[in-house]
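Every chain is numbered from 1 and lettered A, B, ... according to where its sequence line falls, protein lines coming before strand lines. Values below: all heavy atoms of this structure, side chains included; hydrogens, waters and symmetry mates excluded.
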2 protein chains.
Amino acid sequence: MEVETVTDYQKVKVAKKIKKMFGHINPQTSIELCPIRDIMALASDKWSILIILYLGFFPVLRFNQLKKKVFGISNKVLSERLKTLERDGYLSRKAYAEVPIRVEYQLTNFGHSYLQKLLDLTEWVDTYKDIIRENRLKYGAL
Amino acid sequence: MEVETVTDYQKVKVAKKIKKMFGHINPQTSIELCPIRDIMALASDKWSILIILYLGFFPVLRFNQLKKKVFGISNKVLSERLKTLERDGYLSRKAYAEVPIRVEYQLTNFGHSYLQKLLDLTEWVDTYKDIIRENRLKYGAL
DNA sequence: CTGTATCCCCAGTGATACTG
DNA sequence: CAGTATCACTGGGGATACAG
């Protein structure tokens with residue numbers, strides 16, 4: 001299994017895209033003002049990724065369902081991530097006044113849009129995970 | 001500015017992709033054995049992203065050049081990330097036996113391949129960052 | 001059931017100094 | 001110049017108990 005070669009043409013295209021993105025951000029711009037870093041820090045967080053992926057697979061999930069699926073996450077972190085992901089608009093929270101209370105989370109359209117791009121990335125990772133494993137073994141052997 | 005609507009057809013396609021990725025991982029699978037989580041944790045780390053993006057724009061960078069560009073990163077963290085990114089195969093390190101020593105970092109073909117997908121994601125973020133800002137304001141107003 | 005509150009802990013981080 | 005070594009720190013995260 002090999003990664004297909006990235007051509008020079010593609011590299012130039014990539015460089016242009018990066019320039020467009022970062023062109024207006026000079027090196028002195030503070031961390032707080034770098035929206036990419038800020039937004040990606042949440043949206044590409046290891047827990048957020050799993051939450052979003054699961055909500056992409058199961059259209060609606062409740063708190064404890066998510067907790068079971070996102071293996072190893074604590075109440076606190078799950079609660080925080082859900083709140084922040086809701087704040088940024090990726091998902092919606094709907095509480096039903098039942099006893100006991102029922103709360104349902106689902107992706108918003110915005111969240112689905114993000115998921116599409118995220119999935120391209122995780123698919124790449126999934127495809128080439130064995131290469132990375134090999135790379136690590138080679139590196140360890142040095 | 002609006003995010004374009006994700007159709008039901010697209011959602012189904014996404015769900016299938018997720019199933020394909022996670023199908024073989026059942027909920028009991030331990031964290032260590034979840035390659036997605038492991039690999040993404042490094043490759044979508046906030047520092048790694050910036051390192052890779054800068055190396056996508058400047059084909060070759062030296063240690064201190066990177067340190068200046070990746071604003072706020074410390075010696076230790078930069079050194080660690082570079083080592084790990086090299087280990088996983090995203091970038092190559094070349095040391096020249098000069099005095100003082102010169103070390104050059106650049107993306108491998110594997111790194112360029114990853115960058116293409118990563119860039120799709122960061123472009124999405126860049127495009128919709130204002131929506132997220134609005135979402136946060138709305139949320140704060142509740 | 002869905003969280004919040006509390007406490008504790010340590011791994012990752014930043015700063016600084018130093019070496020090949 | 002390119003890192004490593006050291007150390008102090010802090011805030012994210014885990015476990016648990018509890019509340020609405």
Atom-pair distance ([atom1] on [X]; [atom2] on [N]), nearest Å:
X	N	atom1	atom2	value
K68(B)	dA2(D)	NZ	C1'	13 Å
L66(B)	dC1(D)	CG	C1'	14 Å
Q65(B)	dG3(D)	CD	P	12 Å
K83(B)	dA2(D)	NZ	P	15 Å
R93(A)	dT4(C)	CZ	C1'	12 Å
E98(A)	dG3(C)	CD	C1'	16 Å
N64(A)	dT4(C)	CG	C1'	14 Å
L82(A)	dG3(C)	CG	P	7 Å

How does protein contact run along nucleotides 5-20 of chain C, one letter per nucleotide 5' to 3', with B for base contact, S for sugar-phosphate only, - for none, heavy atoms under 4.0 Å? -BB-----BB--B--B
[X] with [Y]: basic N within carboxylate O range, under 4.0 Å:
X	Y	result
K129(A)	D126(A)	yes
D45(A)	R37(B)	no
D38(B)	R136(A)	yes

Would you please confirm or rule out a distance under 4.0 Å between OP1 or OP2 of [N] and any side-chain N or O of [X]?
X	N	answer
S79(A)	dT4(C)	yes
Y105(B)	dC1(D)	no
R62(B)	dC1(D)	no

Can the positive tip of K19(A) be found less than 6.0 Å from the middle of the six-membered ring of F57(B), inside 45° of the ring normal? no
Counting N and O atoms only, with roles assigned by atom type, does the side chain of [X] sit under 3.5 Å from a partner on the main chain of [Y], one being a donor and the other an acceptor?
X	Y	value
S113(A)	V3(B)	no
T84(B)	E80(B)	yes
S79(B)	N75(B)	no

